[in-house]
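Below: the structure, in structure tokens.
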Amino acid sequence: MVYVNSSAIKRAEYDQVSRRMTLWFPQGHSYTFCGVPAHVYEGLLTAPSKGSYYNAYIRDRYQC
């Protein structure tokens with residue numbers, strides 16, 4: 001689990017075997033995404049704006 005420096009996302013967890021990613025938000029809720037490619041998770045961690053990256057590449061995708 002990785003804590004990220006973002007006002008939009010609190011922490012992220014990724015399992016390479018199942019390709020599941022779970023994101024926790026400052027409001028206290030979390031979402032799990034399925035079939036997430038490793039490069040998408042890495043992109044989130046390295047993005048200057050985690051919220052913008054989430055909206056562009058993750059939100060409403062990778063439904064379980």
Side-chain angles (χ1 to χ4, degrees):
M1 185 174 331
V2 176
Y3 285 88
V4 295
N5 185 16
S6 169
S7 61
I9 298 169
K10 187 174 180 181
R11 60 186 183 180
E13 185 174 35
Y14 182 70
D15 180 1
Q16 287 187 321
V17 174
S18 66
R19 294 177 42 169
R20 284 184 177 239
M21 177 176 67
T22 303
L23 301 178
W24 285 263
F25 296 86
Q27 300 84 356
H29 60 278
S30 65
Y31 289 110
T32 298
F33 302 89
C34 296
V36 178
H39 75 271
V40 171
Y41 174 69
E42 293 296 328
L44 175 68
L45 297 183
T46 60
S49 170
K50 311 304 188 235
S52 293
Y53 188 90
Y54 170 79
N55 286 328
Y57 301 104
I58 301 169
R59 186 177 186 169
D60 298 326
R61 295 182 170 97
Y62 308 111
Q63 305 302 320
C64 290

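Below, all heavy atoms of this structure are taken into account, side chains as well, without hydrogens, waters or symmetry copies. All of these numbers come straight from a predicted model, not from anything done at the bench.
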What pairs of residues pass the disulfide bond (SG atoms under 2.5 Å apart) test when at least one of them lies in residues 22-64, not counting sequence neighbours?
Cys34-Cys64

Distance, nearest 0.5 Å, that separates CD of Gln27 from NZ of Lys10
10.5 Å

What is the minimum heavy-atom distance between Pro26 and Ser7, and which atoms define it?
CG-O, 3.3 Å

In the hydrophobic cluster built from side-chain contacts under 4.5 Å, what are the other members alongside Tyr62?
Val2, Val4, Ile9, Tyr14, Met21, Leu23, Phe25, Tyr31, Phe33, Val36, Val40, Tyr41, Leu44, Leu45, Tyr53, Tyr54, Tyr57, Ile58

In short, Ser6 meets Gly51 closest at the heavy-atom pair OG-N, 4.4 Å

Which residues pass the side chain to side chain donor-acceptor pair (under 3.5 Å) test with Arg59, sequence neighbours left out?
Asn55

Flag yes if more than 12 heavy atoms outside Gln63 fall under 6.0 Å of its CD atom; otherwise flag no.
yes

Counterpart residues, side chain to side chain donor-acceptor pair (under 3.5 Å), relative to Arg11 (two or more places apart)
Tyr3

Checking Ser18 now: which residues fulfil side chain to side chain donor-acceptor pair (under 3.5 Å) with it, not counting sequence neighbours?
Asp15

Non-neighbouring partners of Thr32 that pass side chain to side chain donor-acceptor pair (under 3.5 Å), sequence neighbours left out:
Thr22

